[in-house]
Structures are given as structure tokens and as C-alpha cells.
K.L.:
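Quick one: the structure is below, questions incoming.
So you know, we letter chains A, B, ... as the sequences are listed, proteins then strands, and number each from 1.
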Amino acid sequence: MKDIPPRYNPKDYEESIYSKWEKSGFFHQEPDPSKKPFTIVIPPPNVTGILHMGHALNNTLQDILIRWKRMQGFASLWVPGTDHVGIATQNVVERSLKEKGVTRQELGREKFVDEVWKWREQYGNTIIRQLKKLGASCDWERTRFTMDKGLSEAVLEAFVRLYDKGLIYRGNYIINWCPRCQTALSDEEAPHQDVEGKLYYILYPFKEGEGIVVATTRPETMLGDVAVAVNPKDRRYKKLIGKKLILPIMEKEIEIIADDFVDKKFGTGAVKVTPAHDPNDFEMAKRHGLEPLRIMSPDGKMNENAGRFNGMDRFEARKSIVAELEEKKLLIKIEKHDHAVGHCYRCHTVIEPYLSLQWFVKMKPLAEPAIEAVKSGKIKFYPKRWTKVYLNWMENIRDWCVSRQIWWGHRIPVYYCENCAKTGIPKSKVKSQKSKIYAGIIVSKTKPEKCPECNSTNIKQDEDVLDTWFSSWLWPFSTLGWPEKTKDLEYFYPTSVLVTAPEILFFWVARMIMSGIEFKKDIPFSDVYIHGTVRDVTGKKMSKSLGNIIDPLEIIDGFSADALRFSIISITAAGQDVFLSKEKFEIGRNFANKIWNASRFVLMNIGLGRQGSRLEAKDLNIADKWILSRLNRTIEVVTKALKNYGFNEAESLLYDFIWHDFCDWYVEMVKPEIMTQGSGLKAGGTKDVLIHVLEDSLKLLHPFMPFVTEAIWQNMKPLQSESPDSLGGILSPSLVSVAGECIKERESIMVSKWPEPEKRYVNKQVESDIEVVKEAIVNIRNIRSDMNIPYSKKLTVNIAPLKAGIESILSDSMGYIKALAQLENLIIDAKLKKPKSSLSAVTENFNMYIPLEGVIDIDAEKARLSKKQDALKQQLVFTEKKLKDKNFMDHAPESVINAEKEKAEAIKEQIRRMEKTIKDL
RNA sequence: GGGCUUAUAGCGCAGUUGGUUAGCGCGCUUCCUUGACAUGGAAGAGGUCACAGGUUCGAGUCCUGUUAGGCCCACCA
């Protein structure tokens, strides 16, 4: 058994343990009426993505919950899957095609989509393999992909239902347009970033006479101006309303209109109106019956309406136009102007507000019950503050643009009758319920044979696909079989908790709540746990472009999956952002090694083959009682912490208990007893306590560090099951040979029972007694350290108790004190007085005297101390001299002076203490 | 512009509903290769809890304000 290596080597265990778990079917979960369900759906990662630290944190949190609940006896289901992320994936595949010299347009839609599928076949499992390396205990048999048949069916069903309810409409509106991806984006997909911009003041001359100055940040859009607007209350312009202006460059006549929207204080108080390229202008134009004029094409270049700028890139056009205005002396001034501009969340290109025909979901009716669900407390956010963020967004929700001009995704289930479009059947004549909103439009899950209006078969499907989030928002129930009425759906829905990053609160969380209530008539989950964002040490978000990524796989390789998991949780305070650096993973690695070695000690001294445990009071000594009390209180507080999603609290409680209580104190206290008894199999008492505490500790730790706990668990005990299944992989080779045939496969720790706190072991009296014992030991060690007395020198210590009861506490634990402080003799007597040549320690419980006659050379020690004292005195003189130095006092900053003063005080104190010690000796 | 959040030891962070002497990890100093572990053990140094007020018998914790970071949202061109 000495062959158990003194280092935990994760590479010997992690892979084989995981494959064993997987094979054993522990991850799989069917509906089980005898148990309560506990369900989590994974926030689906990008199908072609790779694991980053955010995923590692997110999935560790979920795995902790699911493993914990599984051990508690819940039917614990964790549904994994991936998301097709339309735009991003299409971009990636397009880029790879480009390298081969092919564009998607050349390839054509069908072939291109085939290419994307091929891509997915090749890379789609990467992230899943990586999650397995992390130890994620997902039910992999249920792995879902948003483009799977069932989930696609759900998308169509949802779209058609919403359409029939009148919650989906099509229309020409200003949307966020990415000229690079060439698609519309939702508001959430176009986050605003502060940009250092310029405000251009341009003179628009009257037909006759002076003119009016307008301010704009995007001068190129002036080509599409249809008016200039002023506030009707603005005295400066009141008289000018209705007057005609000549739009420079285009030399077109436009009118000055009055609109309340215009802010008198901004710029010149006069604003150019460009309805096709600005959402506000669009609204204004609508109010005034002005026709929008589009001057840009979808690729961000100026179009035929832009006159001679036709074909020029938008930013090039800006330059040329500014130059031309300057030349014509129409450019009054340019001011610096910082403002927030939308950027494509996939390619970071500057968004163009663009007028186009898109599909929208009406959100207000969906939001109302979703607001109520949170307000009433049916859904709770952890930490609570996210409630406000959620409500604020929901209460100001705007319609959701769901059509995307790309090919990779769910094609919109809308069909157009070309015949009706030609003949233009008026809306009033439309008979079919399904097409009540637009003539010639058929919304259907399957392609209709013929047009219900005119029986024409000339029918074409909409070219666009749906926003990826339109499939993601159905995830909690689409993965369970919806729209089919499955047993899974009935049993596992609603799910228990959603664990996610704050970035996707609006994208995903809020929308899932709305869709759950809309389609399932029930909330999708009751708890939402939002963890922090992973950042580097300087506080920057980890991202590829910043090059500050710490690759989780590299960490797993260098430290172990357990170390990664434990470390990342330990530095994640609830909902706070996580600041990472590589060194931080040493916490977990060291802890795994510590518990490995503690187990190694237990195994080496207790022996394999121990079964059961007898923890009767009569067999227990005070140390046993103490550790059992601490254990049971730890079980209670750890469980409570997990219940409140206090992951790092639970972890640090375990860390303290295992490392400090169990290893530092209990194991050290019982060492003499264990060692002298050898590795016999006698039941009862300390040996059983060791096994019991270690087992429970491993169980408590298992959700956090699944691999090392399983490896030890399998090494630990002989095993109930009679199955002759091989031990390969899990037991260390050395142990197999030592234990030989008596060892059979042990049931996995992951399906062992989560410990319950047992009140009968909780003993506050014993705990406080042990504190007194520790106090005595620490005081002796303290003096040893001060006096440089090595542990090999045995001491005699006299203790005079100062309170009733202390005497019996100390004499009951005399063995521990003698062993842990390396004493020859311990005399406890209230009447003891300070002996000659001794050092003392005084606490509220006792006076302690350590005679040093014969232990150390008293005279030499005195000499050593006075020499040291002299050195200190010299230092003090130097410091005090400095403090009297006028030059120093006048010029040094106050903080430095104070530091010097403190230093002087500290030295004085040290000298005083030495004085006393010398006197005592 | 609105909202959220942070400020505690050199660094990174805990600190639950206010309650003894403010904790942990890293780092630092001294000692220790003692039969589980040097990825370890023992001892130690190091804090005006950002600042200013207030509530209270009592404040790191609650309230108000100030300062400095960070994040999110927002259609002032």
C-alpha cells in the first residue's frame, strides 16, 4: 500500500473515471415517479465554438448542482446541447470557403447549407468533448441541437401560433443593418459602444437668402434628406417653418417642418430629416407624410439615389461630401462629439439604421405575464438585483425583429402566392383565417399545395431565416419534446434552475420566460442564477481579440479538471465578476493533493477491507467526538450554502473543515494512537471515525471535485457489489495488486447518498474544550518558535488553570498536548507558580510556564537576546534621529513620517518584550 | 442621461439578518525534509474596513452625501 503515490496524478484517473461513469448510465435520467425531478437545461454553446472560461465556470456551477441533487436522491436531469448561431456560423463557413476561392452566392443556397452541415459534423462535437473533460454529468443521450428535426418543428409551431394570434407582423421599418453580414439584427444584437465622433455643422441655404445650419454626425446621409425639422416652440425658427431650402449637393428643394421631437438645445436646434436611415427621422417623416428616400444599398455603399456618389462606400462618401461642402463654404464647423453607435455583435462593424421589410414579433403582450411571473415571485433571480434589470428591460420592451437575411437557420414558414401578389387581392376579400393580415401571404408549417385565395400553385417561400434566438427561446421545452406531449415534458417541465451569464439575460433568459408562459402556459424555471463574467487580472473581459484568454483545456492539462473547477468556484463570489490568472489554479491543485494524501494516510494505517462503522459514544475519545461534531455542523452549513447557491461559501467551508480541522488537527491528534495499533481491522473508535469522516468529506466534496473524490472512493473501500467487473482504470495499479482479489467494484461516489447532519454528534461543549487544548498547544509552539527550540527537544510544561473545568479538560487531553507540542512532561495544577528561568504565556484560561533550565543554554540565550536587543536599539536610534532631522520632517510626505513613527513604536515594543524575556530567564 | 455594482493587509477576495480580538488564499519573515502531503508543517509580521456626516448602547455591516473604478441600458441628430 505504500505504493499509493504521494501525488495525485489526475491523468491516471480522469479519463477512465469519466468513461466509466458514462458507461454505467449514471448520467441518464428517465422520468421516475418515485422521485422528485430536478432539471437543468444547459445554456447552449455555439455549435462550432470551443470551451472558454465562461463555459467552464457556467458548467461547473451546473454540474455542482446536478451532482448534489443526484446524491440527494432527485431524478436529476441535465439536458445538454448546442445552438446553431446563424450569423456567426455562416460567417465562419463563408470565410473558410473564401480561402478556397468560393463565395456562398456562387455556391447557391442549398449547397452552402450543405457545407455548413458538413462543418457542424466536423466541429460540432468539440465543445461537447470538452465539457466531458470538465466532468460535466449531462445526459448526453439527450444532446440536442437547435436545428434538429424536433426543435425545428418547435420553431415552426411557435411561429405559426404567434402569427395566428396576431403577434407576428411584417413591415417596413428602420432596423439595425450590418453591412458586412448583410442582414438585419435585433436591438440586442447591435450593442452601443461609445465612439469618438464628430458633429458636422452644415449650412442649408434658403431658395433665396441665408439659410439654416443643421448638425449631423453622419453627413453622408444628407443625400437622403427630405426635410429639416425644428421645434415648433423654438423662437429662432418659428417664422421659418414652411420655408423652402435647397439641399446642398443634391440641389433639391426641401421644406422646414415643425416637430416636438426636436431638442432646441442640441446642435443648432435644427435637424435634417433622413427617414430611410434614422429611426427618429422615420417616425417624424411618417407624422408629416414624407416619403423616405434610400441612398444606400445593403452592402453599405451608396446607391443610385446618391447621384455621383453611387457605388462609393459610406465612409468614403462621408469624406468626399465633407470635402465638397467645405469647398462650397457650406461646412460651418466640425465639433468633437462622443456618442454611442451600434455595432454588430458578431463582426463589430458599425451598424447602419436601415429601412427594410422585415418580420417582427409583437412583444408587449408576451412581456406582460412574464413581468408578472417575476413580480409575484414565481421566478426568482439570484442575486436578487437582476430582478430590477429584468423588469426594466421588460417594461420598455420593443418589438423583436426576427428575420435574418442569411441562409443558415430555420427558414421562415411564410409562403407568398405570386399570383395574388400580381392581381393584388385586397385585404378585405381575404377569406382564410391564416392569412388575415396580408393578402397573398400563407403562414404554414408545411409548404401549401396551392394558394387558399386563388388556388394558384405559384407559391414561393420567404427567403429569410429566423433569428437564432427564435429557436433558443423555446429550449426549455423544445428539448423535452414540445410540441409533442411527451412524458419527459410532463415530468421534467418546468425546469428547476437556469444558470447563466448576465450577457444573455435579454437575449435568452427573458425570452425563455415569455415563450414558456406563452406556449407551455407555465414558467420555464423557478430560479435564475446569474454568475459573473470571467475577466483577466486587469479586469478586461476575456476575449480572443484581446489575446488574454486562459484556455480551460490548458488548465485541465496542467492542473486537472478538479483543480480548474475548485479554483474557479473558490474565487467566484455570488454574482461577482471573476478575475483569473493562471496561478489561481494552484488552490485547487494543492487541495486535491492534500485530500489525496490525507486519504493515503488513512488507507495506509487503517487498511482496506474495513466495513461499516461503529460510532458509539463509548468507543469515542474527545478528539473523535470533536471531529464528528465539526463534521456534522459542516454537513449542515454546506448543504444550506448550496441551497442558497452559495457555491464558494460551501467550498470554503469544506476547505477549512478538511484541511484545517481534519488534516491539521484531527489526523495529527490521532496519529500516535493509530500508529501504535498498526493496520489492524478492529472495529469501533478512532479508526471508524477516520473512515467515516473521510467518506463524508469526499461525498461533500464530490460535486466540486468529482474526479479525485471518485478516485479515492474507489481506492478506499471494498466493495459491496459482487460483480466481477474489472477495476481497470479506476483503482491505481498498485492497489489492485495489493488488494488482490478481495476487492471488487465499488459503487460510484456519484450515486452515493448525500450526508445528512446528525444532531446527536453535534457537541458544542467538546468543541469549546478542544479550543482550550489547541490554545495550550499553540502557546507552547509559540514559545518554541520564539526561543528557537527544535521539536526534537522535549519540554516540560507547567499549566496553572485559572477557571473551573480547565484542569479536567487539559488532563483529559494530555496525550494530545504532549504529542503535538512534543512534551516530556505536562504538569497541570492550579497552585503552580512560575519556576525560575522559565517563560510564561498567559491566557484567560490558564497560566503556562515552560522551565528552560537545561533545555537551552540560558546564558547563551540571554546573550543572544541582548545582542539582538542592541541591534534593535541601534535601529531605534537611527529612526529617532531621522524623526528629529528637520530636513526629513520638512520634506518627507506625511505618510512616510507616520510610517517611521510607527516603526519606532514597534521597535520599542520589541525591546520591551525582550527585556521581559531576559528577566524571566 | 438612467440604472446596477465595487472600494477591507503588498496583491486577489470572504465577511450571512448590525454584536467579543475583522477572516481566507497568494506573497513576505523565521524555523522544520518528524513515517500522508515541501502541491507540506509550525510560528510570525502586515488592516484608521475609500472619504465626510448621520442612526444606534454598539457600524466593515444600516442611512445620506462625496470621490474613484467597472458594467449594463438609452433614438438627442
K.L.:
Mind calculating the distance between CZ (A:R218) and P (B:C75) to the nearest angstrom?
P.N.:
13 Å
K.L.:
With A:T500, which residues qualify under side-chain contact (heavy atoms from CB on, under 4.5 Å), at least two apart?
P.N.:
A:P43, A:L498, A:I504, A:W508, A:V509, A:I530
K.L.:
Taking for each residue the nucleotide of RNA chain B bearing the nearest heavy atom, is the 5' side occupied by A:V271 or by A:D187?
P.N.:
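Going by which nucleotide is closer to the 5' end, it is A:D187.
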K.L.:
Can you tell me the distance, in whole Å, between the CD atom of A:E395 and the P atom of B:G3?
P.N.:
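Rounding to the nearest Å, CD of A:E395 and P of B:G3 are 15 Å apart.
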K.L.:
Between A:E824 and A:K794, does any NZ, NE, NH1 or NH2 come within less than 4.0 Å of an OD or OE carboxylate oxygen?
P.N.:
no
K.L.:
With rounding to the closest Å, how many angstrom separate the C1' atoms on B:U56 and B:G69?
P.N.:
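Going atom to atom, C1' in each nucleotide, I get 32 Å.
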K.L.:
For A:V213, does its backbone N or O pair with a side-chain atom of A:T268 as donor and acceptor, under 3.5 Å?
P.N.:
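Yes, the answer is positive, given that a donor and an acceptor are paired below the 3.5 Å cut-off.
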K.L.:
Return whichever of A:T268 or A:E188 has its heavy-atom-nearest nucleotide of RNA chain B closer to the 5' end.
P.N.:
A:E188
K.L.:
What residues form a side-chain contact (heavy atoms from CB on, under 4.5 Å) with A:P10, not counting sequence neighbours?
P.N.:
A:Y8, A:E14, A:S560
K.L.:
Expected output check: what is the dot-bracket annotation of RNA chain B, where ( ) and [ ] are pairs inside the strand (brackets for crossing ones), | is paired with another strand, and pairs are Watson-Crick or G-U under 3.5 Å?
P.N.:
(((((((..((((.....[...)))).(((((.......))))).....(((((..]....))))))))))))....
K.L.:
Name all residues meeting the salt bridge (Lys or Arg N to Asp or Glu O under 4.0 Å) criterion together with A:K594; count only those two or more places apart in sequence or in a different chain, and write none if there are none.
P.N.:
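Partners of A:K594 under the salt bridge (Lys or Arg N to Asp or Glu O under 4.0 Å) test: none.
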K.L.:
Expressed as a whole number of angstroms, how long is the span from A:N788:CG to B:G44:C1'?
P.N.:
12 Å
K.L.:
Suppose we screen for side-chain contact (heavy atoms from CB on, under 4.5 Å). Which residues come up paired with A:D187, at least two apart in sequence or across chains?
P.N.:
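Partners of A:D187 by the side-chain contact (heavy atoms from CB on, under 4.5 Å) criterion, ordered by chain and then number, come out as A:N176, A:R398.
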K.L.:
Rounding to an integer number of angstrom, what distance separates B:C57 and B:G65 when you compare their P atoms?
P.N.:
24 Å
K.L.:
With rounding to the closest Å, how many angstrom separate the P atoms on B:U21 and B:A59?
P.N.:
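One P to the other, the span is 12 Å.
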K.L.:
Are more than 12 heavy atoms from other residues, nucleotides or ligands located less than 6.0 Å from atom NZ of A:K774?
P.N.:
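Counting neighbours around NZ of A:K774, more than 12 heavy atoms of other residues, nucleotides or ligands fall under 6.0 Å, so yes.
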K.L.:
For nucleotides B:A42 and B:C24, find the distance between their P atoms and express it as a whole number of Å.
P.N.:
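Going atom to atom, P in each nucleotide, I get 13 Å.
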K.L.:
Taking only the P atom of each, what is the distance from B:A14 to B:U8 in whole angstrom?
P.N.:
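One P to the other, the span is 10 Å.
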K.L.:
Check the distance between B:A77's P and A:Y237's OH and give it to me in whole angstrom.
P.N.:
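Roughly 17 Å, once rounded to whole Å.
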K.L.:
Less than 6.0 Å separating the ring centroids of A:W400 and A:F506?
P.N.:
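When the ring centroids of A:W400 and A:F506 are compared, they turn out to be at least 6.0 Å apart.
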K.L.:
Rounded to whole angstrom, note down the P distance from B:C13 over to B:C71.
P.N.:
14 Å
K.L.:
Reckon A:H660 touches a base, only the sugar-phosphate, or nothing at all at heavy-atom distances under 4.0 Å?
P.N.:
sugar-phosphate
K.L.:
Can you build the contact string for nucleotides 36-43 of chain B? Use B for base contact, S for sugar-phosphate-only contact, and - for no protein heavy atom under 4.0 Å.
P.N.:
BBSBSSSS
K.L.:
Determine the interatomic distance between C1' on B:G60 and the same-named atom on B:U17; round to the nearest Å.
P.N.:
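It works out to 16 Å between them.
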K.L.:
Does a donor on one side chain and an acceptor on the other come within less than 3.5 Å for A:N648 and A:S570?
P.N.:
no
K.L.:
Measure the distance from CZ on A:F261 to P on B:A77 and round it to the nearest whole Å.
P.N.:
9 Å
K.L.:
Quick one: A:N392 CG to B:C72 P, roughly how many Å, whole number?
P.N.:
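Nearest whole value for this atom pair: 15 Å.
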K.L.:
Are the ring centres of A:F266 and A:H337 closer than 6.0 Å?
P.N.:
yes
K.L.:
May I ask you to verify if any side-chain N or O of A:H337 is less than 4.0 angstrom from the OP1 or OP2 atom of B:C76?
P.N.:
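Result: no.
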K.L.:
Using atom P in both nucleotides, what's the gap between B:U55 and B:U61 to the nearest angstrom?
P.N.:
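One P to the other, the span is 15 Å.
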K.L.:
Would the A:F566 and A:F704 ring centres measure less than 6.0 Å apart?
P.N.:
no
K.L.:
Grab the OH-C1' distance between A:Y382 and B:U5 for me, whole Å please.
P.N.:
21 Å
K.L.:
If you look at every strand shown and take non-hydrogen atoms under 4.0 Å, does A:A592 touch a base, only sugar-phosphate, or nothing?
P.N.:
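If one applies the 4.0 Å heavy-atom cut-off, A:A592 turns out to touch nothing in the nucleic acid.
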K.L.:
Could you state the CG-C1' distance from A:D263 to B:G1, rounded to the nearest angstrom?
P.N.:
12 Å
K.L.:
Hey, is the side chain of A:K388 poking within less than 4.0 Å of OP1 or OP2 on B:C4, counting only N and O atoms?
P.N.:
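Yes, because at least one side-chain N or O of A:K388 sits under 4.0 Å from OP1 or OP2 of B:C4.
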